[in-house]
Every structure is written in C-alpha cells, then in structure tokens.
Amino acid sequence: MIKGISPKLHAVKLPLCVAISVALASPSAYSVEKAQSLVKSISLIKRVVEVEDEKDQAENHPVEISTKTQQFHLDIARQLNRYPGIFAVNIIPNGQTPLITNNSSGLQHAVSTLTDDLNLAPVSYIDRSLYSLSPLISHKMGRDGSPKITNTPTGLVGSLTTETGMVPSEGPRMSIDVEAGDDAHAGFTFDYGHRKDRWGHLFQYSAQQGDSYRSNRLGQQGGFKSNDLLLKIIEQGSNIGAKNQQLTQFSLLYRDYDNDESRYGISYQDSLERPELRYSATAGDNEKTDQLSLRINHQIVLATSEIVMTDLYYDSGNSSYYQTSAVSGVLGDSAIDLLSGFERNPLGTLNVTKQSFDRSYSSGGIQVRVSQQIGLHNLQLGVRYHNESVDDKSYNDAFLFNQDLSLSLLQSNQEADWAEQSVNARTVFISDEWTQGPLTLAGGYKYEKIEIEKEFPRSFFESESTHTLGNVGLNYKFSSSLDFFITAHQGLLPSNNLLAPEAAQTSDIYRAGIDHRYDNSQFTFTVFKNEFYNVFARCFTIENCKEMTDDRFDIEISGAEMVAAHTFELDNMSIPLTAVYTYRDHNYGDELDVTNIEHVALPGDELAYIPQHQLYLELGAKFNRWDLMLKATHRSEQRLEPGLTSLTNVNKIDAVTLVDLTANVAFDRQQKVFLTVNNLTDQEYVESAYHAGRLMGRGSSILLGYRYTF
C-alpha cells in the first residue's frame with residue numbers, strides 16, 4: 001500500500017535507506033530442571049539459559065574458534081576473518097566499522113552483527129551500516145551458522161555474535177590495561193565488577209587513539225579517537241515464590257568515535273610507488289558517530305516450569321560524514337585518475353566537491369519470549385514490537401584545488417536537502433525442537449508486519465508489507481563425538497525500491513555437514529547453497545512497479561567450509577593448531593533482469609569483491625606463564641567488476657597472505673604483558689576498493705600492552 005506519492009516522483013530513481021532482514025532457526029535451550037538447579041549461572045546473553053560451562057559452549061557453537069590468549073589488534077576486520085564464511089574488510093583507515101559479509105554479496109549488508117542477543121546496528125531496518133565494534137565487545141566473537149528465530153532482523157544468511165563484559169559470578173574484580181604502538185596508537189581500559197548476594201555490577205571504560213598510516217604529499221596525517229563506557233547492574237532473587245527464580249539486568253553502553261580520514265583510495269600506479277599516499281584534495285574528510293544504548297533484560301523461571309524472557313531496549317545517536325564526493329564533476333576511479341595526474345604535475349586547478357551527511361536516529365522496542373519443555377519438545381513463543389526513526393540532512397561544499405595542493409572554499413551549503421523516515425515492525429514467532437534419542441528435529445515460523453514512512457521536501461511515502469518465513473533443521477548424533485546436520489531457512493530484507501514494497505529481497509539458505517569432536521580434536525565440514533531473489537530494483541515509475549510481482553533469482557553463492565583443530569599436549573607445553581577454510585562459487589542467477597539493473601552484468605558472471613578462497617591458520621606454543629601464537633590469513637584475488645574475463649592488474653584486487661604474531665607473558669597472578677606484531681612480513685596490499693581507488697592496508701606495526709589485575 002502506497003499513499004501520498006508526489007507526482008514529481010514518477011520516473012525518478014529513489015535512494016534506498018531501508019533494509020531489514022529476518023532469518024529463522026530454532027534456538028538451543030536447556031531443560032527447566034537444569035535451569036532451576038543451576039540458576040545462579042543464568043545468563044542474559046545469546047541463549048535462553050546459558051551456563052558457563054566449556055562443554056556446553058562447545059556443543060552450541062560447533063564452528064567457533066576460541067583461545068584464552070589475550071589479543072591487542074588494530075585491525076578488527078582481520079579478527080573477524082578467523083570465522084568460516086565471514087569476510088570483512090575495512091572501508092576507511094583506522095576504521096571500527098568494517099564491512100562484514102557472510103557468504104553473500106558485500107553491498108547487500110546481508111549479515112547481522114548481534115551484541116547480547118540484540119542487533120548492534122541501532123537502526124537495523126533503515127541503516128544496516130550504523131554499527132561499530134570496540135575493545136569492549138570485539139574480544140569475544142562467534143558466528144551463528146543457523147540464525148536464531150528470536151534475533152530480528154538477522155540478515156539474509158546468518159549472524160555474527162559479540163558479547164559485552166559479564167558481571168563477576170562472585171566477589172570483586174578489577175583490572176587496568178594500557179597499550180601503545182606504532183602511529184601514535186595508545187589505549188586505556190579500566191574494568192571493575194563486583195557481585196555479592198543478590199546484587200552485582202560491572203563498569204568498563206576504554207579509550208583509543210592513533211594516527212593514520214597514510215599521509216599526503218604535504219606530510220599531513222589523519223587520526224582517530226574513540227571512547228566506550230559500559231555499565232551493568234543485576235539483581236537476582238526469588239521475590240514471588242520460593243520455587244521461582246528471576247534475574248533482572250540493566251545495561252548502559254555509550255560510544256563516541258571521531259576519525260579524520262577519507263574513504264578515497266589511490267590509483268593503481270600510486271599503489272605501486274607510494275602505497276601510504278593520501279591525496280591532498282581529501283583534506284578535511286571526517287567521520288563521527290556517537291551512540292547511547294539502554295537495555296533492561298528480565299528472566300524468570302516460573303513454578304509451572306516456563307521460562308519467560310523480556311527485553312526492553314532503546315538506542316539514540318548521531319552520525320556525521322564529511323567526505324570528498326567528486327572531482328571536476330567526475331566520480332569514482334575517474335576522479336582518482338584526475339587527482340593522481342594533478343598531484344604529479346599540478347597545472348591549473350581542479351574543482352572538488354565535498355558532501356556533508358548528518359543523521360540523527362533513535363530506535364526502541366520490546367520482545368517477550370516464553371520457553372517451555374513439554375516431554376520431548378522444547379517450545380518457544382515470542383512477540384516483538386520495534387520502532388526506529390531517522391532525520392537526515394545533507395549539503396555540498398565547493399572547493400578549488402590549487403597548484404600548491406591546498407583547498408580554497410568557493411561556496412558552502414549547496415543543494416541542502418533533508419529526509420525523515422520511520423519504521424514500525426510487529427513480529428510473532430514460534431519454534432519447536434523435538435529430540436528422540438540421537439535424532440533432533442527443529443522448525444520455526446515467523447510472521448512480520450512492516451510499516452514504513454518516508455518524507456522528502458516535496459513528497460511523502462507510506463507503505464505496508466507482511467512477510468512469513470520458515471525454517472527446518474535436522475541433527476543426528478551417530479556417536480558421542482560425531483554429528484550430522486542439515487538446515488534450510490528463509491531470509492528477508494525489505495524491498496530496495498519504495499515504489500514496490502512487496503518486492504522484498506528474499507533468500508533460501510541450505511546447509512549440511514558433519515561435526516566431529518574427540519578429546520583435543522575438532523573437525524567440521526559444511527556445504528552450503530545461498531540463493532538471493534529481488535536483489536536489484538527493476539522498476540522506477542509507479543505504473544511499472546504496480547505490474548512487477550515476480551521473484552527473480554538474481555544471485556547464487558555456494559561452496560564449502562571447513563574447521564580443523566587439534567591441540568598437541570606435551571609434558572611442559574601444549575601446541576594448538578587450527579585451520580579454517582572457505583570456498584565460494586559466486587555468480588549472477590539465470591533470472592537476472594539485465595535491462596533494469598544499475599550496473600553491467602550478465603547471468604553467470606562472477607560477482608565483484610568476493611574472494612573464492614579464504615584461509616586462516618593458527619599455530620601456537622603455550623607454556624606455564626607465556627604463550628606464542630602465529631596467525632596467517634589468506635584471501636584469493638577479487639574482481640573489481642562483475643564478469644568472466646581473465647583477471648589482470650587493472651580489474652582485480654590481488655591475492656594476499658598476512659601473518660600476525662601475538663605473545664603473552666604472565667609475571668605473576670596480577671601482571672601480564674602482551675605483544676602483537678601485525679603484518680609481520682610488511683606486505684603491501686589492497687584492503688578494498690568499494691568507494692574510489694585502491695584503499696591500501698596497513699603495513700607492519702607493533703602493539704605492546706600491560707595488564708594489572710587487582
């Protein structure tokens with residue numbers, strides 16, 4: 001249903017700002033008897049009831065790689081690439097908001113990043129890129145191979161999970177971390193928590209800063225700084241009956257981030273001659289964000305055996321992006337070529353346009369889940385209401401780029417524009433997990449109604465759509481150490497064309513594999529097939545969009561994932577060895593509407609910006625008081641444009657292998673020293689090319705840290 005559309009919108013391509021996703025799978029849950037007997041370990045994170053037990057965690061996360069080795073790492077994207085199916089790249093130097101995909105097209109934002117069972121993106125329906133990872137939440141990551149039905153939205157293919165700090169189980173805990181490294185990097189983290197009787201709390205504060213590894217021809221550098229503050233308060237008791245147990249948690253998370261960097265990269269020639277170059281015309285480019293998140297979580301185990309979970313949440317913040325957008329009227333690689341030639345031989349002047357985009361946003365909602373064990377069935381029923389809104393303002397500044405590589409302001413606040421939009425989503429979901437001996441069957445169903453309003457200076461949109469999604473799964477335990485699993489689920493992103501709200505992006509996701517665990521060994525092998533429909537907008541007038549009702553098969557990504565790990569235990573040391581490999585076959589589908597997509601591609605063409613091969617290797621040595629770990633990540637070459645032609649230096653991003661070294665030394669129970677050498681071999685490599693030119697990655701860098709625990 002579309003109302004109030006201005007006649008001026010006919011035959012106009014509309015900017016897409018709305019993106020949501022839903023994917024279903026039945027969550028694991030412990031029995032009520034186990035929950036009641038271990039109620040002191042009830043956690044509000046990730047599962048219905050989570051008990052801090054390494055065996056239980058291994059069963060629920062068959063592909064998660066874990067190590068107790070402390071890591072300081074400047075490159076969050078490289079940490080994410082440890083997980084099968086995940087491919088992450090930085091799209092801005094010093095970035096804490098890497099672009100993350102999960103065996104999907106990078107430009108779809110088809111994977112959700114979850115923190116404490118809620119989406120890390122504060123406005124995940126309207127803007128799925130508004131999230132950032134910090135030292136407080138990036139230290140514990142995993143990947144849900146089959147998304148949970150309760151996580152809404154959870155992407156077209158799956159979710160990446162992170163956790164904030166945990167309140168201590170008992171007594172006080174306090175630590176201080178300080179770190180320093182190359183490019184004036186410095187960091188400080190303070191952690192204090194205490195638990196006594198029914199009450200507990202946690203306070204964490206982290207501050208990070210550093211200079212860019214890039215500089216322009218005048219020697220100017222960018223830099224970043226960020227602050228993170230986390231407060232948690234919990235109360236646990238049995239106020240409504242001796243047989244009942246309940247836990248209430250209040251959380252507050254505040255973040256601010258300021259980065260004087262540009263998303264513009266450099267030309268191919270400059271990448272060979274001066275890979276750490278930043279063009280002088282990008283001076284003044286900057287990105288800023290701040291975010292405040294409030295959470296109230298409540299769990300109760302009733303005398304009638306049901307577990308009731310209630311989550312209330314609210315997010316509010318601002319983001320500001322001031323970036324070079326055009327050079328003498330041209331964009332992308334053409335603008336990069338202009339800047340490269342001009343800086344080599346500065347004759348005359350160039351016109352430089354910078355765009356300012358400011359967004360204020362808020363979101364909030366409530367989710368209630370009821371879980372109960374009935375015989376062999378583990379049932380869960382839930383409802384959710386979610387609302388989010390954003391106010392956008394944008395304008396352009398015009399500059400003259402002079403022969404001395406300086407910028408002179410010609411005109412400001414050109415073409416000022418604004419937009420307001422909001423989303424209401426109402427969701428009902430139900431799931432069941434049935435276990436009979438070695439066999440477990442799972443299924444789920446979700447109904448979601450989405451209402452969208454969007455207002456421009458001379459137009460107004462109002463649309464409504466409803467969606468139903470399902471999932472099924474099977475797990476068969478051949479023995480105590482060998483499992484076979486197969487799952488299928490549907491995913492959803494709302495339409496990328498507001499003129500056709502019913503033409504939503506959807507997906508069919510299939511996975512099957514085996515998981516073998518025995519003593520100190522693990523081997524998991526998974527094959528997958530991901531099919532994506534309605535990826536592209538294919539109509540641009542009201543009349544044409546009313547006639548479009550089909551679901552076109554646009555993209556297919558299939559392949560295999562493997563995790564193999566073994567720890568060799570010797571008399572005085574242990575040697576952990578881990579290998580993670582992902583193979584992807586990716587192409588445009590045979591129903592691709594060639595005449596109406598926004599870039600040149602044909603059915604069968606390979607996608608851009610997706611490596612076919614991705615490998616992570618880890619080899620360590622752990623002694624009583626120290627450990628050493630070598631980590632290598634490899635990705636194969638990537639296309640810069642869709643196609644099947646042979647790859648050359650002009651149309652590809654080269655394959656790269658990066659090696660990192662981490663070391664930890666404990667002097668006593670209170671003091672530890674950490675060392676990280678990033679990019680040990682000082683490789684020169686292209687990190688990404690999503691925006692303009694080749695964004696080069698960071699060379700070799702050293703980070704040294706110290707922890708004191710009270």
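Since this is a predicted model, take the numbers as computed values, not measurements.
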Chemist: Counting distance only, does the side-chain N/O of N81 pair as donor-acceptor with the main-chain N or O of A88 below 3.5 Å?
Modeler: yes
Chemist: Can you name the closest pair of heavy atoms from L156 and S507 and give their distance?
Modeler: O-OG, 3.0 Å
Chemist: Any non-hydrogen side-chain atom of Q299 less than 4.5 Å from a side-chain atom of V308?
Modeler: no
Chemist: Counting distance only, does the side-chain N/O of E388 pair as donor-acceptor with the main-chain N or O of Q421 below 3.5 Å?
Modeler: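 Such a contact is absent between E388 side chain and Q421 backbone.
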Chemist: With a 4.5 Å limit on heavy-atom distance, are the side chains of M174 and F190 in contact?
Modeler: yes
Chemist: Tell me if a side-chain donor or acceptor on Y361 pairs with a main-chain N or O of S319 at a distance below 3.5 Å.
Modeler: no
Chemist: Using ring-ring contact (aromatic ring centres under 6.0 Å, His included) as the criterion, list what pairs up with Y314, not counting sequence neighbours.
Modeler: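 Applying ring-ring contact (aromatic ring centres under 6.0 Å, His included) to Y314 gives none.
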Chemist: Grab the two heavy atoms, one from Q220 and one from A283, that are nearest each other, plus how far apart they are.
Modeler: OE1-CB, 4.5 Å
Chemist: Mind checking the CG-CG spacing from N297 to L247? Nearest 0.5 Å is all I need.
Modeler: 8.5 Å
Chemist: Output yes when a side-chain donor or acceptor of Y609 lies under 3.5 Å from a complementary backbone atom of A689, and no otherwise.
Modeler: yes
Chemist: Counting N and O atoms only, with roles assigned by atom type, does the side chain of K232 sit under 3.5 Å from a partner on the main chain of V167, one being a donor and the other an acceptor?
Modeler: no
Chemist: Please determine, by modelled atom types, if S206 and T189 share a side-chain donor-acceptor pair under 3.5 angstrom.
Modeler: yes
Chemist: Nearest 0.5 angstrom please: D391 CG to E420 CD, how far?
Modeler: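 Here the interatomic distance stands at 4.5 Å.
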Chemist: Would you indicate whether the side-chain heavy atoms of E179 and H185 approach each other to under 4.5 Å?
Modeler: yes
Chemist: Closer than 3.5 angstrom, by distance alone: can the side chain of S316 be matched with the main-chain N or O of L292 as a donor-acceptor pair?
Modeler: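 No, because the side chain of S316 does not come within donor-acceptor range (under 3.5 Å) of the backbone of L292.
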Chemist: Compute whether any side-chain donor of one residue and acceptor of the other, for Y313 and D315, lie under 3.5 angstrom apart.
Modeler: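 Per modelled atom types, Y313 and D315 side chains form no pair under 3.5 Å.
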Chemist: Report yes or no: does N530 contribute a side-chain atom to a donor-acceptor pair with the main-chain N or O of N103 at less than 3.5 Å?
Modeler: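 Yes.
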Chemist: Establish, from distance only, whether the side-chain atoms of N318 and D358 form a donor-acceptor pair under 3.5 Å.
Modeler: no
Chemist: To the nearest 0.5 Å, how far apart are OG in S104 and CD1 in I610?
Modeler: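 Between atom OG of S104 and atom CD1 of I610 there are 7.0 Å.
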Chemist: Roughly how far, to the nearest 0.5 Å, is CG of L294 from CG of L231?
Modeler: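 Output value for this atom pair is 10.0 Å.
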Chemist: Between Q221 and S212, is there a donor-acceptor pair closer than 3.5 Å when you use the side chain of the first and the backbone of the second?
Modeler: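 Confirmed, Q221 side chain pairs with S212 backbone.
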Chemist: Do L252 and F250 come close enough that some side-chain heavy atom pair is under 4.5 Å?
Modeler: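 Side chain of L252 against side chain of F250, heavy atoms only: contact under 4.5 Å found.
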Chemist: Is the shortest side-chain heavy-atom distance between Y125 and I452 below 4.5 Å?
Modeler: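 A side-chain contact under 4.5 Å is absent here.
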Chemist: Dump the intermediate steps for side chain to side chain contact (heavy atoms under 4.5 Å, CB included) on F188 and I176, then the final yes or no.
Modeler: CA-CA 7 Å; F188 171 82; I176 294 176; 3.6 Å; yes
Chemist: Does a donor on one side chain sit under 3.5 Å from an acceptor on the other, for S371 and Q380?
Modeler: no
Chemist: With side chain to side chain contact (heavy atoms under 4.5 Å, CB included) as the criterion, how do E261 and F224 come out once you've worked through the C-alpha distance, each side chain's angles and the decisive distance to 0.1 Å?
Modeler: CA-CA 8 Å; E261 262 294 353; F224 84 99; over 6 Å; no
Chemist: Tell me yes or no: between the side chains of D127 and S129, is some donor less than 3.5 Å from an acceptor?
Modeler: yes
Chemist: Testing the basics here: between S394 and F357, what is the closest heavy-atom pair and its distance to 0.1 Å?
Modeler: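 The pair with the smallest heavy-atom distance is CB-CD1, 4.1 Å.
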Chemist: Mind running salt bridge (charged side-chain N to carboxylate O under 4.0 Å, His left out) on D183 and R698 for me, showing each step along the way?
Modeler: CA-CA 11 Å; D183 297 319; R698 182 186 296 272; 2.7 Å; yes
Chemist: The test is side chain to side chain contact (heavy atoms under 4.5 Å, CB included); show your working for Q490 and K446 and say whether it passes.
Modeler: CA-CA 10 Å; Q490 297 173 303; K446 174 179 288 185; over 6 Å; no
Chemist: Hey, does the side chain of D660 reach the backbone of N679 with a donor-acceptor pair shorter than 3.5 angstrom?
Modeler: yes
Chemist: Less than 4.5 Å apart, any side-chain heavy atom of F429 and any of E448?
Modeler: no
Chemist: Can you list the steps and then say if R295 with D311 is a salt bridge (charged side-chain N to carboxylate O under 4.0 Å, His left out)?
Modeler: CA-CA 7 Å; R295 305 279 189 268; D311 303 306; over 6 Å; no
Chemist: Does any N or O in the side chain of T162 come within less than 3.5 Å of the main-chain N or O of L114, such that one atom is a donor and the other an acceptor?
Modeler: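 Yes.
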Chemist: Between D397 and S412, does any side-chain donor sit less than 3.5 Å from a side-chain acceptor?
Modeler: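 Not at all, the side chains of D397 and S412 share no donor-acceptor pair under 3.5 Å.
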Chemist: Rounded to the nearest 0.5 Å, what separation is found between the NE2 atom of H386 and the OG1 atom of T427?
Modeler: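 One gets 9.5 Å once the value is rounded to the nearest 0.5 Å.
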Chemist: Once side-chain hydrogen bond (donor to acceptor under 3.5 Å, both in side chains) is applied, do any residues pair with D285, and if so which ones, sequence neighbours excluded?
Modeler: S262, T324, K354
Chemist: Mind listing the closest non-hydrogen atom pair of E687 and V89 along with its distance?
Modeler: OE2-CA, 3.3 Å
Chemist: Is any side-chain heavy atom of F203 closer than 4.5 Å to one of L229?
Modeler: yes
Chemist: Using the six-membered ring wherever Trp is involved, compare the ring planes of H194 and Y192 and label them parallel, tilted or perpendicular (cut-offs 30° and 60°).
Modeler: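 Because their plane-to-plane angle is under 30°, the rings of H194 and Y192 count as parallel.
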Chemist: Taking all atoms of both residues into account, what is the closest heavy-atom pair of G265 and Y279, and its distance?
Modeler: O-CE1, 3.4 Å
Chemist: Would you say the side chains of R78 and N90 form a donor-acceptor pair under 3.5 Å?
Modeler: no
Chemist: Is it true that the side chains of T289 and Q291 contain a donor and an acceptor less than 3.5 Å apart?
Modeler: no
Chemist: Decide side chain to side chain contact (heavy atoms under 4.5 Å, CB included) for L99 and H109; before the verdict, give the C-alpha distance in whole Å, the side-chain angles of both, and the deciding distance to 0.1 Å.
Modeler: CA-CA 8 Å; L99 182 65; H109 297 287; 3.4 Å; yes
Chemist: Would you check if there is a donor-acceptor pair between the side chains of S325 and T353 at a distance under 3.5 Å?
Modeler: no
Chemist: How long is the straight-line distance from CG of L80 back to OG1 of T113, given to the nearest 0.5 Å?
Modeler: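 Output value for this atom pair is 7.5 Å.
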Chemist: Evaluate the side-chain proximity of L202 to R173: yes if any heavy-atom separation is below 4.5 Å, no if none is.
Modeler: yes
Chemist: Show your working on side chain to side chain donor-acceptor pair (under 3.5 Å) between Y205 and N227 and close with a plain yes or no.
Modeler: CA-CA 8 Å; Y205 171 73; N227 295 280; 2.7 Å; yes
Chemist: Specify the closest pair of heavy atoms between P93 and N259, including all atoms of both residues, with the distance to one decimal.
Modeler: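 Closest pair (atom of P93, atom of N259, distance): O-ND2, 2.9 Å.
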